[in-house]
Amino acid sequence: MSKKLIKLLAVVLTVALGTIGCTKSNKIDDNNKNEISEYNIQESDYIHLTTIFPETINPILNTNKSVSYIMNLIYDGLFEMDENYNVEPRLVEKYTLSSDGKSIRIKLASDATWHNKKEVTSSDVSYTVDLIKKNSKSPYVALVDNIQSIHISDSKNFTIKLKENDPFAIDKLTFPIVSKDKLSSLNTSQIGEYKNNLLGNGPYKIKKYEDRQYIILERNEDYFGDLPENRKEIYVKMVPDKESQTEMVLALDSDIANISLEELSKFENKKEFNITKYEGRDYEMVIFNYDNEFLNNVNFRKAIISSIDREKLLNEAYVDNADLSNFPLNTKNKYYNNDIKNISYDKEKALNYLASGLKSVSKSQEEKQSEDSQGSSENVEGIIEDNLSGSSTEGELSKQEIKQILNNIELSIIVSSDNGERVKVAHTISQDLSSIGVKSSVKELNNEDLKKALDSKDYDLAVVGYSLSSVPDARGILEACGIKDKKLSTYIESLGKSTSESETKKIYNQIQKYVVEKASFISLGILDDFIVSNKRLKGTINPNEFDIYKGISNLQMSK
């Protein structure tokens with residue numbers, strides 16, 4: 001679709017979807033809603049948002065991220081995620097985790113109510129968990145999979161029983177809570193209908209809903225949370241796709257949208273917009289193939305990491321829109337240890353690590369060295385001559401022996417051809433390796449071939465990325481790295497048995513320190529995400545990737 005056509009679409013959507021004829025005073029004239037009238041949101045008292053056409057607004061059944069961002073304004077969960085990706089209580093007033101980690105006692109906030117002023121109860125929580133379990137396509141299935149049962153003491157007190165200990169049990173209680181009274185008597189198809197999902201418990205409630213057209217959200221005046229009394233009402237237009245959401249903000253027909261790194265240039269240096277950058281959850285890293293005898297050596301891996309200026313690499317490959325990270329956790333998460341520093345960029349140390357690594361595996365390579373010792377590489381020879389001291393001491397490899405070994409090594413770096421940033425990372429690493437005399441080649445593969453290469457271990461280094469979960473559990477990523485290390489496996493096993501936050505933090509510290517010491521992988525960083533907003537809005541919001549409108553109640557209009 002051309003940019004010109006997209007721009008036209010945004011304008012058409014402004015008219016076609018804005019069939020309600022808004023006025024400056026926010027009043028809606030239903031008798032004239034089909035008339036087209038000129039409307040400038042710069043003069044509106046609403047905050048204008050967009051969402052992609054929802055298949056359902058039931059927050060448990062919805063799988064559209066755009067819709068979920070709006071539902072976050074209408075529904076609360078037991079806990080919610082703050083801007084640093086740490087959970088904090090929302091509907092919960094008090095909670096206690098048992099000493100064995102297999103049950104959680106919870107007391108709901110006494111003044112937490114539904115928009116019809118009925119109280120949010122323990123039965124609502126139990127019903128919500130059951131509804132998720134009955135709907136395998138719900139995005140929250142994994143969060144309740146370990147819940148065995150819920151025992152209700154009274155309307156505000158209950159105990160969650162777990163099938164097995166889970167160190168991240170509290171972090172998983174972030175799913176929205178829906179009303180049992182409103183939904184329990186409905187059949188499966190009715191539960192998904194919009195007209196049966198107009199009742200929430202969050203800071204905003206649905207004032208008006210026109211299917212496939214718009215939603216108007218008004219303040220929940222009875223909300224128990226501490227929010228500004230003068231927070232603005234919100235007008236949400238429904239649009240066909242993400243591209244339309246971006247173009248409508250660009251055309252000043254919507255106030256806020258989350259945008260990608262590729263879209264950022266459309267808004268930079270334009271006076272009409274504010275850009276809020278925040279840490280996302282796309283984690284970038286390079287993994288080693290431990291089946292390679294050299295890469296199975298810690299000093300050889302340290303040589304590779306020391307040869308790479310990670311900070312410069314991130315700046316160049318991701319245009320300074322990534323946060324350096326040493327471990328697959330968000331850098332402000334309570335379990336991330338900022339005091340543990342990764343192996344630093346140092347070419348001299350890299351060469352020393354390289355010599356030590358080659359020495360460690362030299363005996364197993366002697367026969368091969370003898371066969372392939374002909375024809376030294378000038379490039380490698382120059383690097384070794386310049387950086388290693390003259391003669392070898394007893395037990396150490398000579399310069400000639402190092403050259404011979406390096407001439408028989410060529411590392412294969414694989415990367416997705418569809419990801420331009422990672423391709424740039426791969427080629428930069430290849431150049432850095434050549435600066436210490438290690439030859440390498442970059443293979444740009446389509447996603448299908450990349451997966452085959454990863455599965456068959458047909459690589460030496462692989463530039464990959466993972467989406468960090470809402471749960472700060474790094475075990476899956478660590479296991480996917482294929483690291484052959486019994487002590488690390490023991491640490492990971494211990495993490496799964498942790499029964500308290502303090503114990504989990506202690507084990508995480510041990511793991512983070514250990515993977516740095518052992519150069520287990522090359523941790524690059526976490527990509528930034530972006531919110532762009534119309535400058536007519538004043539104030540700050542605190543988005544995270546799961547809740548981009550967090551803090552929207554703080555926004556006011558400039559006059």
Side-chain angles (χ1 to χ4, degrees), residues 60 75-114 118-133 140-180 201-202 223-226 329-330 332-337 469-475 493-510 544 546-547:
I60 300 305
Y75 291 89
D76 279 342
L78 296 174
F79 294 82
E80 68 179 9
M81 196 174 296
D82 67 16
E83 65 270 25
N84 296 322
Y85 297 94
N86 293 308
V87 294
E88 56 187 7
R90 178 43 44 195
L91 291 173
V92 171
E93 181 177 301
K94 183 180 179 181
Y95 70 96
T96 306
L97 186 65
S98 64
S99 58
D100 64 0
K102 290 186 177 181
S103 65
I104 311 164
R105 294 178 60 186
I106 291 178
K107 179 180 182 180
L108 294 171
S110 58
D111 48 356
T113 61
W114 295 100
K118 293 184 178 180
E119 68 176 5
V120 176
T121 68
S122 304
S123 295
D124 292 319
V125 177
S126 181
Y127 172 77
T128 299
V129 171
D130 288 341
L131 183 62
I132 296 172
K133 286 178 174 285
Y140 304 108
V141 167
L143 301 186
V144 302
D145 184 60
N146 192 38
I147 295 179
Q148 185 175 60
S149 60
I150 295 180
H151 297 272
I152 296 174
S153 301
D154 56 45
S155 65
K156 291 292 184 179
N157 292 275
F158 60 93
T159 301
I160 297 176
K161 297 286 187 180
L162 304 177
K163 298 175 185 176
E164 57 185 28
N165 168 59
D166 184 353
F168 307 104
I170 299 299
D171 301 275
K172 293 180 178 179
L173 300 179
T174 54
F175 49 85
I177 303 300
V178 296
S179 170
K180 177 183 178 181
N201 55 26
Y223 188 64
F224 69 98
D226 184 19
L329 287 173
N330 284 101
K332 293 182 180 178
N333 184 272
K334 60 190 174 185
Y335 296 127
Y336 184 87
N337 191 334
S469 167
S470 61
V471 180
D473 186 353
R475 287 177 295 174
E493 186 178 346
S494 298
L495 183 62
K497 296 178 180 178
S498 173
T499 58
S500 69
E501 182 179 311
S502 59
E503 184 181 2
T504 300
K505 186 174 291 187
K506 179 181 178 181
I507 298 171
Y508 254 141
N509 286 343
Q510 293 171 328
N544 63 56
F546 301 98
D547 189 359

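- No donor-acceptor contact under 3.5 angstrom links the side chains of D171 and Y335, judged on distance only.
- Around atom NZ of K163, more than 12 heavy atoms belonging to other residues, nucleotides or ligands sit under 6.0 Å away.
- Here the closest heavy-atom approach between residue S103 and residue T159 is recorded as CB-CG2, 4.1 Å.
- Taking a 6.0 Å sphere around CD of Q148, one finds it holds more than 12 heavy atoms contributed by other residues, nucleotides or ligands.
- When D473, D145, D166 are each tested for a side chain to side chain donor-acceptor pair (under 3.5 Å) with K172, only one passes: D166.
- The shortest distance between side-chain heavy atoms of K161 and K102 does not fall below 4.5 Å.
- Crowding of K133 atom NZ: a count of heavy atoms from other residues, nucleotides or ligands under 6.0 Å exceeding 12.
- No more than 12 heavy atoms of other residues, nucleotides or ligands shown are found within 6.0 angstrom of CZ on R105.
- A heavy-atom distance below 4.5 Å is not found between the side chains of I177 and Y75.
- For the residue pair N333 / N86, a side-chain donor-acceptor distance below 3.5 Å is found, with atom types taken as modelled.
- How far CG of D100 is from OG1 of T499: 8.0 Å, rounded to the nearest 0.5 Å.
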Salt bridge (charged side-chain N to carboxylate O under 4.0 Å, His left out) evaluation trace for K334 with E501: CA-CA 9 Å; K334 60 190 174 185; E501 182 179 311; 3.4 Å; yes
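- Taking the side chain as every heavy atom from C-beta outward, R475 and F168 approach each other to under 4.5 Å.
- Between F79 and Y95, the ring planes are perpendicular. Angles over 60° get that label, and only those under 30° would be called parallel.
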